Structures are given as structure tokens and as C-alpha cells.
S.K.: 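Quick one: structure below, then a few questions.
Chain letters run A, B, ... following the sequence lines, proteins first, then strands; residues in each count from 1. Note: hydrogens, waters and symmetry copies are ignored here, and every other heavy atom, side chains too, is used. What you see is a predicted model, and the numbers here were worked out from it, not measured in a lab.
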Amino acid sequence: MNYPTDRKESKNILLQVIASIPKGKVSTYGGVAALAGMPRHARYVGTVLKNLPAGSKIPWHRVVNSKGESSFPPGSDHWQQQQQRLQDEGIVMSGRKIDLKQYLWTP
DNA sequence: GATATGACATGTT
DNA sequence: CAACATGCCATAT
């Protein structure tokens, strides 16, 4: 059998990957997709996170775009949430971006 | 099934 | 470095 074309499965795999990002590190949408074995599905990762029930234990804040920025509109609630949580994990930001060279999770 | 949308990525200006 | 253009692909209408 090939790789999971079942939406249900693939979604769980993505969530599992995201859940395994260690505290203090981050990953990118594309990175998560790749680690989950589905290249070019960066946008799908976003779609999945969007549908997460509020209060989910999934560390969605550890997923940023390839530039190391939050994908949310600067200043928005989610944006602040994310910034806050990342900072609480010891991640230092230079401006609105974080240094992927330093914080990107590489298993 | 055609068209639009989006928590993306990458290459060009 | 920032703005713009293209490519990508699952979902929603």
C-alpha cells in the first residue's frame, strides 16, 4: 500500500508529527508535510490546523512559515497567542521572525 | 465537475 | 530585504 491517501489517516499522521515537535523548537508547514511523508502538502497542514478544536493539545504554535514568521495577521489574537507561547518556551524573536537556523526542529 | 479559497513555498523583480 | 508571480493541493460551494 502506498502512502495514506485516506484523509482521515493522513490527517492523524500530520497531527502526530506536529505533536512530536519538541518544546523550544519549531517546524514549518512544508517541513511537517515532508516529515509526514507527503511533500507539497504545506497548505494541507494549514487546513488541518485550522479545523482543530479550541483547546486541543496539539502544539500548533510550533508551526511557522518558511520565513520563520507566524502565518497570522500581525497583531491578531492568534498572532499574539503564538508569539506568547513561543516566547514562553524560550524562543527568542528578532523582530517578527524567529531564527530557523537555530530553532528549526531537525529529527 | 468547474471555480474559488487558503494557518504555504519558492523563484523573480 | 520586500513585493509580486506561479505552482501546489485538499476543501468548500
S.K.: If you look at every heavy atom in A:Ile18 and A:Pro59, which pair is closest and at what distance?
M.R.: O-CG, 3.4 Å
S.K.: Can you tell me how far CG of A:Leu100 sits from OG1 of A:Thr106, rounded to the nearest 0.5 angstrom?
M.R.: 11.5 Å
S.K.: Hey, what do you get for CD1 (A:Ile98) to CZ (A:Arg62), rounding to the nearest 0.5 Å?
M.R.: 11.5 Å
S.K.: Taking only heavy atoms on the protein side, list every residue of residues 75-90 of chain A lying under 4.0 Å from any atom of DNA chain B, sorted numerically.
M.R.: none
S.K.: Mind calculating the distance between CZ (A:Arg40) and P (B:dG11) to the nearest angstrom?
M.R.: 13 Å
S.K.: Between atom CD in A:Glu9 and atom P in C:dA10, what is the gap in whole Å?
M.R.: 16 Å
S.K.: For the pair made of CG in A:Asn65 and C1' in B:dG11, what is the distance, rounded to whole Å?
M.R.: 16 Å
S.K.: Please determine, for the side chain of A:Ser66, which listed nucleotide (B:dT10, C:dT11, C:dC8) has the closest atom?
M.R.: B:dT10
S.K.: Using whole Å, report how far CG of A:Asn51 lies from C1' of B:dT5.
M.R.: 13 Å
S.K.: Supply the atom-to-atom distance A:Leu52 CG to A:Lys11 NZ, rounded to the nearest 0.5 angstrom.
M.R.: 8.0 Å
S.K.: Do the side chains of A:Leu35 and A:Met38 join up, straight or via other hydrophobic residues, at under 4.5 Å, putting them in one cluster?
M.R.: yes
S.K.: Tell me the interatomic distance from A:His41, atom NE2, to C:dT11, atom C1', rounded to whole angstroms.
M.R.: 13 Å
S.K.: State, yes or no, whether a side-chain contact exists between A:Phe72 and A:Asp77 at a heavy-atom distance under 4.5 Å.
M.R.: no
S.K.: Over how many whole Å does the gap from A:Lys11 atom NZ to C:dC9 atom C1' extend?
M.R.: 17 Å
S.K.: What heavy-atom pair brings A:Asn65 and A:Ser70 nearest, and what distance separates the two atoms?
M.R.: ND2-O, 4.1 Å
S.K.: Between residues 18-29 of chain A and DNA chain B, which residues have a heavy-atom gap below 4.0 Å?
M.R.: A:Thr28, A:Tyr29
S.K.: Between C:dA10, B:dA9, C:dC9, which one does the side chain of A:Tyr44 approach most closely?
M.R.: C:dA10
S.K.: Could you state the interatomic distance from CD (A:Gln83) to NE2 (A:His78), rounded to the nearest 0.5 Å?
M.R.: 13.0 Å
S.K.: Measure all distances between protein nitrogen or oxygen atoms and nitrogen or oxygen atoms of nucleotides 2-4 of chain B, and list the pairs falling under 3.5 Å.
M.R.:
none

S.K.: Output the rounded distance in Å from CG (A:Leu14) to P (C:dA10).
M.R.: 11 Å
S.K.: Below 4.5 Å, heavy atoms only, C-beta onward: do A:Val45 and A:Val17 meet side chain to side chain?
M.R.: no
S.K.: Please give, in whole Å, the distance from B:dT5 C1' to A:Arg43 CZ?
M.R.: 8 Å
S.K.: Classify the side-chain pair A:Ser66/A:Tyr29 by whether it contains a donor and acceptor separated by less than 3.5 Å.
M.R.: no
S.K.: Tell me which residues in residues 100-107 of chain A lie within less than 4.0 Å of DNA chain B, going by non-hydrogen atoms.
M.R.: none
S.K.: A:Thr47 has a side chain; which of B:dT10, C:dT11, C:dC9 sits nearest to it?
M.R.: C:dT11
S.K.: Looking at side-chain heavy atoms only, is the closest gap between A:Tyr44 and A:Leu14 below 4.5 Å?
M.R.: yes
S.K.: Taking all heavy atoms of A:Ser76 and all of A:Pro73, pick out the closest pair and write down the distance.
M.R.: OG-O, 2.7 Å
S.K.: Give me, pair by pair, the N or O atoms of the protein and of nucleotides 1-4 of chain C that are less than 3.5 Å apart, along with how far apart they are.
M.R.:
{"residue": "C:dA2", "atom": "OP2", "partner": "A:Lys97", "partner atom": "NZ", "Å": "3.4"}

S.K.: What pairs of residues pass the salt bridge (Lys or Arg N to Asp or Glu O under 4.0 Å) test when at least one of them lies in residues 92-107 of chain A, not counting sequence neighbours?
M.R.: none
S.K.: Taking the side chain as every heavy atom from C-beta outward, state whether A:Trp60 and A:Arg85 have any atom pair closer than 4.5 Å.
M.R.: yes
S.K.: Tell me, do A:Thr28 and A:Leu104 make a side-chain contact under 4.5 Å, heavy atoms counted?
M.R.: yes
S.K.: Any side-chain donor paired with an acceptor under 3.5 Å for A:His61 and A:Glu89?
M.R.: yes
